[in-house]
There are 2 protein chains.
Amino acid sequence: MDIENAKIPQATAKRLPLYYRFINNLHSQGKMRVSSKELSEAVKVDSATIRRDFSYFGALGKKGYGYNVEYLLSFFRKTLDQDETTNVALIGVGNLGTAFLNYNFTKNNNTKIQIAFDASDDRIGDTVGGVPIKHIDELEEYIDGISVAILTVPAQAAQGIADRLVKANISGVLNFTPARITVPSSVRVHHIDLAVELQALVYFLKHYPLDGELEDEL
Amino acid sequence: MDIENAKIPQATAKRLPLYYRFINNLHSQGKMRVSSKELSEAVKVDSATIRRDFSYFGALGKKGYGYNVEYLLSFFRKTLDQDETTNVALIGVGNLGTAFLNYNFTKNNNTKIQIAFDASDDRIGDTVGGVPIKHIDELEEYIDGISVAILTVPAQAAQGIADRLVKANISGVLNFTPARITVPSSVRVHHIDLAVELQALVYFLKHYPLDGELEDEL
DNA sequence: TTTAGATTGTGAATGATGTAACATTTCCGT
DNA sequence: ACGGAAATGTTACATCATTCACAATCTAAA
Ligand SMILES: NC(=O)c1ccc[n+]([C@@H]2O[C@H](COP(=O)([O-])OP(=O)(O)OC[C@H]3O[C@@H](n4cnc5c(N)ncnc54)[C@H](O)[C@@H]3O)[C@@H](O)[C@H]2O)c1
Ligand SMILES: NC(=O)c1ccc[n+]([C@@H]2O[C@H](COP(=O)([O-])OP(=O)(O)OC[C@H]3O[C@@H](n4cnc5c(N)ncnc54)[C@H](O)[C@@H]3O)[C@@H](O)[C@H]2O)c1
């Protein structure tokens with residue numbers, strides 16, 4: 001769609017939602033302007049990196065002044081497609097799935113969990129956090145118009161479900177399962193492996209200098 | 001402690017727990033040997049990257065043969081300090097916190113959630129997933145021997161709790177809060193921002209070529 | 001209107017990560 | 001015991017990301 005955007009580094013793209021949220025905060029607080037230095041302290045990203053990130057979108061600020069909060073906000077809203085909602089399905093209403101359903105991702109967000117699926121009869125027909133739960137056997141019937149799936153099923157079920165999601169034409173999967181699923185190259189998968197995150201943190205603590213470190217981020 | 005380890009790239013360190021888990025699987029399946037190519041297909045990491053990662057630890061494999069699963073396993077167990085358990089506290093027994101407590105991170109893991117804290121009187125004294133819940137006012141009394149904290153409190157409470165954790169001599173924090181907390185450089189914080197992850201996935205879907213892409217990983 | 005001070009946007013330096021390619025070594029069947 | 005097949009470990013390169021440092025530009029106050 002946007003010609004320019006194809007050139008934005010992935011690392012930058014991953015920071016955009018973060019910037020958006022903090023700019024939103026500033027706006028609610030009635031702040032009129034902000035410098036890259038201030039933002040830097042809030043989001044814990046080097047100020048030069050922030051300026052560089054913003055610069056991919058052209059000159060958003062004014063030299064000697066900083067950035068106009070209102071303008072930044074409207075810019076990010078547009079860029080992150082806040083207006084156009086992405087429909088999401090959640091598969092596996094267990095511990096983690098229930099937490100996600102109860103959490104309203106819609107705050108500050110352009111995504112909405114529209115429907116959930118589970119294999120256990122107990123929960124079918126209920127709603128959790130306002131989201132209706134259907135039986136997994138009915139996946140194909142209800143998945144229409146959904147482009148992203150959150151996978152919170154047991155690891156053994158992950159690949160099978162993924163295959164069905166692919167057939168049902170899903171575009172992206174957020175996989176919380178420890179299983180690394182295989183999908184065609186037309187589908188994007190992000191793995192979030194919480195056990196690995198915890199273990200990695202512990203590894204860093206044990207093996208990296210504890211003191212003269214940056215205070216943040218992997 | 002280990003002199004060598006200081007040189008291991010962070011990207012590699014983050015993959016180690018992943019390798020460990022899959023090698024563990026292979027071992028349970030009775031597999032005796034594995035090549036970087038096989039491993040690559042399982043964990044979705046380029047085989048050259050795997051060989052490079054392993055090579056930081058010396059020559060773990062044999063040319064023309066591959067890697068001995070048993071040996072790899074014992075090596076990783078040692079390297080990831082599987083034997084020595086790291087004690088973890090969880091702060092904020094809400095939706096997300098409850099999911100984590102019910103989930104047994106101890107599988108394949110050198111970490112154990114020993115204790116949880118919450119501000120709401122309702123849950124104090126209960127146990128969730130075998131973990132006792134104490135009142136947050138008693139944080140300082142019970143945090144002895146705990147080196148890592150998982151933060152799943154509301155965003156507004158995050159910085160305050162973080163300050164107390166720092167005073168109580170915590171070494172690492174896994175922060176699920178959208179707030180970016182400030183801590184001294186002696187404390188390591190990893191942010192896991194689930195809303196950002198979802199939004200970033202959506203952004204990639206909308207703005208990046210959908211087809212000729214690697215099929216995995218950010 | 002002038003000037004001191006602030007802050008951007010970016011070229012260039014540095015650092016980190018990923019991967020192609022291959023010489024080298026080991027395995028293993030004959 | 002030998003030779004081809006297999007797979008490592010690593011060199012060299014390519015790519016991506018971060019950060020420094022500063023000229024250019026703007027603000028705001030006197
Ligand atoms: N809970 C955590 O803290 C945590 C942490 C790290 C990783 N994970 C991973 O996240 C996933 C979910 O964890 P959880 O704790 O919520 O597990 P859970 O067992 O509580 O939930 C799994 C849910 O999936 C449903 N299910 C099973 N098979 C299904 C199928 N074929 N189709 C649809 N639904 C199916 C079950 O009925 C259950 O409700 C697991 O893969 C787990 O390894 C969880
Ligand atoms: N649930 C999700 O899916 C999800 C997704 C993304 C981010 N998050 C973030 O994770 C955090 C927790 O989310 P949640 O859905 O579990 O919220 P929640 O409201 O269900 O749970 C928060 C818990 O923290 C407790 N608490 C409040 N103040 C406290 C204090 N000062 N000390 C100790 N405990 C305190 C509350 O009693 C409650 O039990 C939030 O910051 C949220 O933004 C959650």
Side-chain angles (χ1 to χ4, degrees), chain A residues 4-16 18-19 23 26 31-69 71-72 75 200 204 208-209 212-218, chain B residues 4-16 18-19 23 26 31-69 71-72 75 200 204 208-209 212-218:
Chain A
E4 300 282 69
N5 288 337
K7 288 172 197 161
I8 289 166
Q10 301 213 350
T12 297
K14 283 205 72 170
R15 284 188 290 265
L16 297 181
L18 186 63
Y19 296 147
I23 291 160
L26 292 176
K31 218 151 180 314
M32 302 301 285
R33 70 186 233 189
V34 65
S35 69
S36 60
K37 189 149 163 288
E38 281 177 280
L39 249 181
S40 170
E41 277 150 27
V43 301
K44 317 282 187 212
V45 171
D46 187 275
S47 67
T49 301
I50 293 178
R51 291 200 299 281
R52 162 93 49 206
D53 284 347
F54 286 7
S55 78
Y56 290 114
F57 300 97
L60 301 181
K62 283 197 183 131
K63 302 191 178 188
Y65 175 86
Y67 301 89
N68 180 288
V69 171
Y71 177 73
L72 264 193
F75 176 81
F204 283 132
Y208 282 77
E213 288 241 294
L214 291 171
E215 71 201 42
D216 207 1
E217 217 66 14
L218 94 135
Chain B
E4 301 281 72
N5 287 338
K7 290 171 195 158
I8 289 167
Q10 303 213 350
T12 297
K14 284 205 74 171
R15 283 189 290 266
L16 297 182
L18 186 63
Y19 296 147
I23 291 160
L26 292 177
K31 218 151 180 312
M32 302 300 286
R33 71 186 234 187
V34 66
S35 70
S36 60
K37 189 147 163 290
E38 281 177 278
L39 249 181
S40 170
E41 277 149 28
V43 301
K44 316 281 188 212
V45 171
D46 187 275
S47 67
T49 301
I50 293 178
R51 291 200 298 282
R52 153 95 64 223
D53 283 348
F54 286 7
S55 79
Y56 290 114
F57 299 98
L60 301 181
K62 286 203 180 123
K63 302 191 178 185
Y65 175 86
Y67 301 89
N68 179 289
V69 171
Y71 177 72
L72 263 193
F75 176 80
F204 283 132
Y208 281 78
E213 287 239 295
L214 291 170
E215 70 202 43
D216 207 0
E217 216 68 8
L218 89 138

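In what follows, every chain begins at residue 1, and chains take the letters A, B, ... in the order their sequences are listed.
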Given D/dT18, D/dT10, D/dA17, the nucleotide with the shortest approach to the side chain of A/Gln10: D/dA17
Whichever of B/Ala59 and A/Asp53 has its nearest DNA chain D nucleotide further upstream toward 5': B/Ala59
Whole angstrom value for the distance that separates C1' of D/dT19 from NZ of A/Lys44: 19 Å
Gap between atoms OH and C1', on B/Tyr67 and C/dT26 respectively (whole Å): 14 Å
Separation of C/dC27 P from B/Asn68 CG (nearest whole Å): 11 Å
Nearest heavy-atom neighbours spanning B/Phe57 and B/Leu60: O-CD2, 4.1 Å
Sugar-phosphate, base or nothing in reach of A/Thr12, heavy atoms under 4.0 Å: nothing
Non-hydrogen atoms of B/Val45 and B/Ile50 that approach each other most closely: O-CD1, 3.7 Å
NZ (B/Lys37) with more than 12 external heavy atoms under 6.0 Å: no
Sugar-phosphate, base or nothing in reach of A/Phe54, heavy atoms under 4.0 Å: nothing
Out of C/dA20, D/dT11, D/dA7, whichever nucleotide has its closest atom nearest the side chain of B/Asp46: C/dA20
C/dT19 OP1/OP2 closer than 4.0 Å to side-chain N/O of B/Thr49: yes
Interatomic distance where NZ belongs to A/Lys37 and P belongs to C/dA6 [whole Å]: 10 Å
CG-CG distance between B/Leu26 and B/Leu72, expressed to the nearest 0.5 angstrom: 9.0 Å
Length of the line joining B/Arg15:CZ and C/dT17:C1', which is rounded to integer Å: 8 Å
Rounded distance in Å - NZ (A/Lys14) to C1' (C/dT17): 16 Å
Presence of donor-acceptor pair under 3.5 Å, side chain of B/Arg52 and base of C/dT19: yes
B/Ser36 side chain near D/dT8 phosphate (N/O to OP1/OP2, under 4.0 Å): yes
Counterpart residues, side-chain hydrogen bond (donor to acceptor under 3.5 Å, both in side chains), relative to A/Arg15 (two or more places apart): A/Tyr19, A/Asp53
Where A/Tyr208 and B/Gln10 come nearest, the two heavy atoms and their spacing: OH-N, 3.9 Å
Per-nucleotide protein contact string for nucleotides 21-30 of chain D (B base, S sugar-phosphate only, - none; heavy atom under 4.0 Å): B--BBBSS--
Distance in angstrom units between B/Leu39 CG and D/dA7 P, rounded: 12 Å
Flag, side chain of B/Glu41 to backbone of B/Glu38, donor-acceptor distance under 3.5 Å: no
d(NZ, B/Lys7; P, C/dA16) in whole Å: 14 Å
